[in-house]
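This report refers to the structure that appears directly beneath it.
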Amino acid sequence: MTQKKYIGVLTSGGDAPGMNAAIRAVVRTGIYHGNTLFGIKRGYEGLIEGDIHQLNRYSVSNIIKDGGTCLQTARSSEFLTREGREKGFKNLKRFGIDSLIVIGGDGSFRGLHELIQEFPMQGIGIPGTIDNDLYGTDYTVGFDTAVNTALDAIDKIRDTASSHSRLFIIEVMGRTSGHIALYTGIGGGAEDILIPEVPMDMQKLIAQLDAQYKSGKKSSIIVLAEGESAGALEIKAAIEKAITWDIKVSVLGHIQRGGDPTAFDRILASRLGYEAVLAVMNNENDKMAGMVNKTVTFTPLEEAWSKKKDIDMTYLTMNEVLAAQQQKPLEVVS
Ligand code: F6P
């Protein structure tokens, strides 16, 4: 018979829609199999302070539909230190917790990996970040909701852009990766998508925008990833020098992190939460539960943050084709 575990769960780093669904799945799966479950508040900050509470199946009732995280979250600088991690470990021991499930992104996984290296602990990660920048899973929990939220904003901006014949540069989140920009750009029919994975060619961009303007287009949208080396205002200034289009900048910001999770995120989070507990019970350690080609996959935590998740360049090429201005029809020689 599998040994019953004392499992702690926490959310860490930037919140992401679907984290609650993951917490619910961890707690309910864990209790179903006879384990004892603890919620740790405010990520590693709460772990260091001992803000730890035993949970029952009703502690997570009706949270599957909610954005944010009922456990709250934090970016802990103290947990970056060995002293901080030692305090955290002592608190885990105080509650008898032998396994930790961390829902978060790269920084959160680094913290968990360090903890496991330094102390006799078992740990499994669940990818929870809107950025979709973790290797070992096709999608992270929160990405789909963030894309849909940004898309909704882009659709609205398109209305006002068309009414005023304007060019909008819309900056989306993603830290150093361009996944959110790529998906929202394609979904929103953006004329240009600028992501850090592809060096920007300003002359090409200006030529494209100029062609769009001269063809009489009513509006144009550039979706810009926040991690692109040139910022929105810098790009605006460069374009303004070359073409006459009325240009506005819109930074979508934290709106992308909030809101009720989509069905996709709820289902992904539930599955990964369920699998994370089974993995803990099977004595898996130092790994992230992910979904690759519809198959649950366990990737070493270190690979999840250190390996680069590829951008499918065909999508960028496709977008250029879809946004390209039509050549003037050839005159028919009679
Ligand atoms: O990692 C999620 C994310 O929203 C990034 O896209 C963004 O760069 C960062 O977090 C913002 O962090 P904070 O909310 O701490 O400003």
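Residue indices begin at 1 and follow the sequence shown. Atoms within a ligand are numbered from 1 in the order they appear, just like the ligands themselves.
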#### Entry: Contact with ligand 1 for Q256, non-hydrogen, under 4.0 angstrom
no
#### Entry: Sub-4.0 Å heavy-atom contact, G105 with ligand 1
no
### Query
Hey, would you say the W305 and F109 ring centroids sit under 6.0 Å apart?
no
Nearest protein heavy atom to [atom], by residue and atom, and its distance?
| atom | result |
| --- | --- |
| atom 8 (O) of ligand 1 | E226 OE2, 2.5 Å |
| atom 2 (C) of ligand 1 | D131 OD2, 3.3 Å |
| atom 12 (O) of ligand 1 | R75 NH2, 3.0 Å |
| atom 11 (C) of ligand 1 | R257 NH1, 3.6 Å |

### Query
Out of curiosity, T160 OG1 to F168 CZ, how far, rounded to the nearest 0.5 Å?
5.0 Å
### Message
Quick check for you: to the nearest 0.5 Å, what is the distance between F38 atom CZ and Q54 atom CD?
### Response
4.5 Å
### Of V9, V102, V26, the residue whose pairing with I126 passes side-chain contact (heavy atoms from CB on, under 4.5 Å)
V26
### Query
Pick one: which of L100, I124, L37, L55 meets side-chain contact (heavy atoms from CB on, under 4.5 Å) with I7?
L37
#### Entry: D155 versus G188, closest heavy-atom pair with distance
OD1-CA, 4.5 Å
### Task
Apply salt bridge (charged side-chain N to carboxylate O under 4.0 Å, His left out) to D98 and K5, showing your working.
CA-CA 7 Å; D98 44 48; K5 304 264 179 176; 5.3 Å; no
What are the atoms of ligand 1, with element, lying closer than 4.0 Å to any heavy atom of [X]?
| X | value |
| --- | --- |
| H254 | 13 (P), 14 (O), 16 (O) |
| G174 | 6 (O) |
| I130 | 4 (O) |

